[in-house]
Amino acid sequence: MKIAVSSTGTDLDSEIDPRFGRCAYFLIVNPDDMTFEAFENESMSLGGGAGIQSGQFIASKGASVVITGNVGPNASRTLNAAGLDVIVGVSGSIKDAIERYKKGELSPTDQANVPDHYGMGMGGGQTSFPGGGMGMGRGMGGGMGRGMGMQGGYSPNQIAPPASPDQELGTLKEEAKALRDQLNSILSRIKDLEK
């Protein structure tokens, strides 16, 4: 069994990164002997689809469980489709989280616990400046800096106003491409398993 953990660093004493798709690193841990591999998250700086790409990466590494702080809807669907148990809302050191998992203190969910694009522009969770991410102060979605940073957490009444039709079309095209990529990855994995 392998457990994938979103991490701020490259060892078991590192803290769990609250972002799944845009975490700094993934640690793939064998809970029996606590051996692990650390991987830099290449999806961290993607403009869109980071959760999907990260989910596909974790599935390709043979993990059966994911421990993280937050997971959005796209990542949740990807991980669930790959048959992984997803545990959210976890903080602290990776070593402590693995021990809690082994004691049966952590339970999986099949639901996202944050909205789409939650981790964008969070600056690693270290900034309190709204929209202080990669979008020139306007957030990646052109939301005029009304990003949902780590300061207040997510609340349904904090959702930014609807995007313009052109922005919505662009977002939908990105999501369609990400879903096509996800479907192709799933079909490829099915084909490999059927051999």
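Here the structure is a predicted model, which means the values were calculated and not measured. Side-chain atoms are counted along with the backbone in the values below, which use heavy atoms only and exclude waters and symmetry mates.
Among residues at least two apart or in separate chains, salt bridge (Lys or Arg N to Asp or Glu O under 4.0 Å) pairs with a member in residues 78-98 are Asp13-Lys95.
In this structure, CG in Leu79 is found 4.5 Å from CZ in Phe20, a value given to the nearest 0.5 Å. Ile16 contributes atom CD1, which lies 7.5 Å from atom CD1 of Ile98 (distance to the nearest 0.5 angstrom). With rounding to the nearest 0.5 angstrom, the CD atom of Glu105 is 11.5 Å from the CD1 atom of Ile87. Rounding to the nearest 0.5 angstrom, the gap separating the OG atom in Ser91 from the CG atom in Asn70 is 10.0 Å. Atom CG of residue Asn41 and atom CZ of residue Phe26 lie 4.0 Å apart, to the nearest 0.5 angstrom.
Among residues two or more places apart in sequence or in another chain, the side chain to side chain contact (heavy atoms under 4.5 Å, CB included) test is passed with Gln111 by Thr109. Listed by chain and number, the residues in a side chain to side chain contact (heavy atoms under 4.5 Å, CB included) with Glu42 amount to none (sequence neighbours excluded). For Phe57, the ring-ring contact (aromatic ring centres under 6.0 Å, His included) test picks out Phe39, with sequence neighbours left out. Every residue meeting the side chain to side chain donor-acceptor pair (under 3.5 Å) condition with Thr35, not counting sequence neighbours, appears here in chain and number order: Asp33.
Tracing side-chain contacts under 4.5 Å through hydrophobic residues (I, L, V, M, F, W, Y), one never reaches Met34 starting from Ile28; they form parts of separate clusters. No path of Ile, Leu, Val, Met, Phe, Trp and Tyr side chains, each step under 4.5 Å between heavy atoms, connects Val88 with Val90, placing them in separate hydrophobic clusters. There is a path of hydrophobic side-chain contacts, each under 4.5 Å, that joins Val29 to Leu106.
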Under 3.5 Å, side-chain donor or acceptor atoms of residues 1-10 against the rest of the protein: list the pairs with distances, not counting sequence neighbours.
from, atom 1, to, atom 2, distance (Å)
Lys2, NZ, Lys61, O, 3.3
Ser6, OG, Asp17, O, 2.7
Ser6, OG, Thr68, OG1, 2.7
Ser7, OG, Gly9, N, 3.0
Ser7, OG, Gly9, O, 2.6
Thr8, OG1, Glu15, N, 3.3
Thr8, OG1, Glu15, O, 3.1

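Minimum heavy-atom separation, Pro73 to Ala112: N-CB, 3.4 Å.
Remark: side-chain polar atoms of Ser54 are not paired, donor with acceptor, to backbone N or O of Gly51 under 3.5 angstrom.
Inter-residue side-chain proximity for Val65 and Pro108 is flagged as unmet; no heavy-atom pair is nearer than 4.5 Å. Within the 4.5 Å cutoff, no side-chain heavy atoms of Ile94 are placed close to those of Ile67.
Using a 4.0 Å cut-off between charged side-chain N and carboxylate O, Lys102 and Glu99 make a salt bridge.
Side-chain contact of Arg77 with Asn74: a donor-acceptor pair under 3.5 Å is present, judged by distance alone.
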*asked:* Assess the residue pair Thr78 and Leu84 against the criterion (side-chain contact (heavy atoms from CB on, under 4.5 Å)); give the C-alpha distance rounded to whole Å, side-chain angles, the decisive distance to 0.1 Å, and a yes or no.
replied: CA-CA 9 Å; Thr78 301; Leu84 279 77; over 6 Å; no
